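Heads up: the structure comes next, in structure tokens.
Note on naming: letters A, B, ... go to the chains in the order of the sequence lines (proteins, then strands), and numbering restarts at 1 for each one. This is a predicted model, so every value here is computed, not measured. Values below: all heavy atoms of this structure, side chains included; hydrogens, waters and symmetry mates excluded.
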Amino acid sequence: MEEKSLSTADVNILMDVDFLVSVIVAIGEVANITGVPQRKIRYWDEKGIIEPVDKTSTYRQYDYLNIKKIVLIQELLDEGYTLDVSAKKVNERCIKVAEVFERLKASKS
DNA sequence: ATTCTTACA
DNA sequence: TGTAAGGA
């Protein structure tokens with residue numbers, strides 16, 4: 001393996017990924033940054049639409065993907081879709097992207 | 001201080 | 001959905 005020096009842009013990307021992966025926040029902060037009310041986030045949890053990470057915890061904890069889905073679902077709701085349809089669309093899209101990277105991972109093996 | 005559930009308007 | 005009560 002040869003050592004390659006990282007460009008400033010590379011470092012910025014690495015910091016962003018490192019940060020996003022480390023993101024674990026409580027419902028209050030999620031509500032603040034997304035603008036989606038805590039009440040609604042808890043409701044989506046009841047309906048099984050948004051599953052917080054770490055079920056053993058007393059409090060709901062959200063990661064990057066949770067937050068991303070919350071933002072996307074709210075966006076579709078604003079566009080007029082029903083909650084169920086919005087949730088399904090977001091999930092399908094996330095799965096689709098995940099499959100793409102799964103293929104990439106496989107090709108790298 | 002923050003989150004949680006339950007319940008009512 | 002917003003808000004309040006009452007406990008953790």
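Asp45(A) places its CG atom 14 Å from the P atom of dT3(B), with the value rounded to the nearest Å.
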Under 3.5 Å, which donor-acceptor pairs do the side chains of residues 71-78 of chain A form with other protein atoms, sequence neighbours left out?
residue	atom	partner	partner atom	Å
Gln74(A)	OE1	Lys40(A)	NZ	2.9
Gln74(A)	NE2	Asp78(A)	OD1	3.0

Contacts table for residues 82-89 of chain A: side-chain donor-acceptor under 3.5 angstrom, sequence neighbours left out:
residue	atom	partner	partner atom	Å
Thr82(A)	OG1	Val85(A)	N	3.2
Ser86(A)	OG	Thr82(A)	O	2.8

Only distances under 3.5 Å count here; give the side-chain donor-acceptor pairs of residues 25-39 of chain A to other protein atoms, sequence neighbours excluded, each with its distance to 0.1 Å.
residue	atom	partner	partner atom	Å
Asn32(A)	ND2	Gly28(A)	O	3.1
Thr34(A)	OG1	Val30(A)	O	2.7
Thr34(A)	OG1	Val36(A)	N	3.1
Gln38(A)	OE1	Arg42(A)	NH2	3.2

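Taking NZ from Lys68(A) and CZ from Arg93(A), the interatomic distance works out to 11.5 Å, rounded to the nearest 0.5 Å.
Among the duplex regions that DNA chain C forms, those built from at least three successive Watson-Crick or G-U pairs under 3.5 Å are B:4-8 with C:2-6, ordered by first number.
In this structure, the side chain of Asp63(A) does not engage the main chain of Val21(A) through any donor-acceptor pair within 3.5 Å.
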_Protein-to-nucleotide contact annotation, 5' to 3' order, nucleotides 4-9 of chain B [B base; S sugar-phosphate only; - none; under 4.0 Å, heavy atom]_ = SB-B--

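The two residues Ile24(A) and Gln61(A) come nearest to each other via the heavy atoms CG2-CB, 3.9 Å. Nearest heavy-atom pair across Ile67(A) and Tyr62(A) is CG1-CB, 4.3 Å.
Taking Ser22(A) as the reference, Phe19(A) meet the side-chain contact (heavy atoms from CB on, under 4.5 Å) condition, with sequence neighbours excluded.
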